[in-house]
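Working notes, beginning with the structure itself.
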Amino acid sequence: MYQRFYGFAEMPFSITPDPKFLYLSPTHLDALEHLKFGLDERKGFIVLVGEVGCGKTTLCRRLLNELDPRYWDTALILNPRLSETDMLRAILRELGDKRPARTPHELVNQINRRLLTRIDAGKDIVLIIDEAQNLSFEVLEQIRLLSNLETDNQKLLQIILMGQPELKEILGRQELRQLRQRILIHYELKPLTMRDLTHYVHHRLSLAGSQGRPFFTRWALWELHRLSRGIPRVVNDLCDKALMAAYLRDSDEVAWRDVRRAARDVRRLLE
């Protein structure tokens, strides 16, 4: 409703992880650089953690967009609640193999052959697993074993585990010490600061086609930061509802009371 009123080309605060709208705050930029450094230097295992809604998936899509397909093949697993065998099959399907073997041993051999073929063609391969805090111990152990696949001078597979802060606790378990020792790059995304949030809101409004309207007052932005605690997904939800509140008032100004009304609407939806 408010899109036409404010002249947006598209909705500015959609919660879908569109890389175009990615705002690289200092922590997001640093995380992206850590990921690229880890891949370029073939560090093997990389871990990225962050609170729900901090932008891990969007950052992942940005990374995938920046990897040159002439030199990189990627396998992206978004639903890690799989058995060891199903995980191996999912990886093979992501690598373009439509006829996975049946047994775990055969699947690993099949993956090894597939990876060697890609390496011989001059490509590196990265496996990215989102929501990795949901991986079972058995699947994590299987992934560790996949990291053993190598030639005389390089690993066949780069692995990025992305997950919520619980992933740190899981990886800290004694029984996963062998996996933990292989993680050479570890980065934790932090929430937006007040300054970052202000830039984030203006950034998304501008990309959506804003011509200076509407604008968020200083107190509205302060309340946004207080209520969202700097979590981008929560910021998006509150901003979307605050814009609707301002639209219903026929106003170009998103005020503190609009953000408060948005917060009440969010709480009502959660009840």
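We count residues from 1, following the sequence as given.
Nearest heavy atom pair, residue I170 against residue L176, reads O-CD1, 3.2 Å. Of all non-hydrogen atoms in H28 and L192, the two that sit nearest each other are CE1-CD2, 4.3 Å. The two residues L167 and M162 make their nearest non-hydrogen contact at CD2-C, 4.2 Å. Of all heavy-atom pairs spanning R42 and Q158, the tightest one is CA-NE2, 2.8 Å. Annotation for S147 and R182: closest pair OG-NH1, 3.0 Å, computed over non-hydrogen atoms. Between L76 and E94, the closest heavy-atom pair is N-OE1, 3.0 Å.
A distance-only check finds a donor-acceptor pair linking the side chain of R177 to the backbone of Q174 [under 3.5 Å]. Without hydrogens or angle criteria, R118 side chain to W72 main chain gives no donor-acceptor distance under 3.5 Å. A distance-only check finds a donor-acceptor pair linking the side chain of R180 to the backbone of L171 [under 3.5 Å].
With values rounded to the nearest 0.5 angstrom, L59 atom CG is found 10.0 Å from L64 atom CG. A distance of 9.5 Å separates CD of E131 from CD of E166, quoted to the nearest 0.5 Å. One distance of note links CG of L67 with CG of D124; it measures 10.0 Å at 0.5 Å rounding. One distance of note links OG1 of T117 with CG of N112; it measures 9.5 Å at 0.5 Å rounding. Going from atom CG of D240 over to atom CG of D265 covers 10.5 Å, rounded to the nearest 0.5 Å. To the nearest 0.5 angstrom, D196 atom CG is 8.5 Å from T27 atom OG1.
One hydrophobic cluster, built from ILVMFWY side chains closer than 4.5 Å, holds both V139 and L95. Hydrophobic clustering keeps L161 apart from L48 (ILVMFWY residues linked when any side-chain heavy atoms are closer than 4.5 Å, directly or through intermediates).
In the displayed structure, R195 atom CZ is contacted under 6.0 Å by at most 12 heavy atoms of other residues, nucleotides or ligands. Atom CD of E175 is surrounded by more than 12 heavy atoms from other residues, nucleotides or ligands within 6.0 Å. Shown here is R229, whose CZ atom has no more than 12 heavy atoms of other residues, nucleotides or ligands within 6.0 Å.
Y23 and H203 have tilted rings, their planes meeting at an angle from 30° to 60° on a 0 to 90° scale. A tilted orientation is assigned to the rings of Y6 and F8, their planes being inclined by 30° to 60°. Using cut-offs of 30° and 60° on the angle between ring planes, the pair F13 and Y200 is tilted.
When each of R4, R204, K20 is paired with E10, the salt bridge (Lys or Arg N to Asp or Glu O under 4.0 Å) condition holds for K20 and for no other.
R213 forms a cation-pi arrangement with F5, by the criterion of a distance under 6.0 Å to the ring centre and an angle within 45° of the ring axis.
Looking at F45 and I143, their side chains come closer than 4.5 Å, going by heavy atoms from C-beta outward. In this structure the side chain of P100 never reaches within 4.5 angstrom of the side chain of L88, judged on heavy atoms. Proximity of T74 to I128: side-chain heavy atoms (C-beta onward) are nowhere separated by under 4.5 Å. Between N79 and N134 the shortest side-chain heavy-atom distance does not fall below 4.5 Å.
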Could you go through D258 and R261, starting from their C-alpha distance and side-chain angles, then the distance that decides it, and tell me whether this counts as salt bridge (Lys or Arg N to Asp or Glu O under 4.0 Å)? CA-CA 5 Å; D258 297 314; R261 178 174 177 179; over 6 Å; no
F37 vs K43, test: side chain to side chain contact (heavy atoms under 4.5 Å, CB included). Steps then yes/no. CA-CA 8 Å; F37 172 78; K43 293 296 185 179; 3.9 Å; yes
Using the rule given for salt bridge (Lys or Arg N to Asp or Glu O under 4.0 Å), can you reason through K168 versus E188, listing the C-alpha separation, both sets of side-chain angles and the distance that settles it, and then say yes or no? CA-CA 10 Å; K168 289 193 301 182; E188 183 169 1; 3.0 Å; yes
What verdict does the salt bridge (Lys or Arg N to Asp or Glu O under 4.0 Å) test give for K241 and D237, after you've listed the backbone C-alpha separation in whole Å, the side-chain angles of each residue and the deciding distance to 0.1 Å? CA-CA 6 Å; K241 291 177 173 56; D237 197 10; 2.6 Å; yes
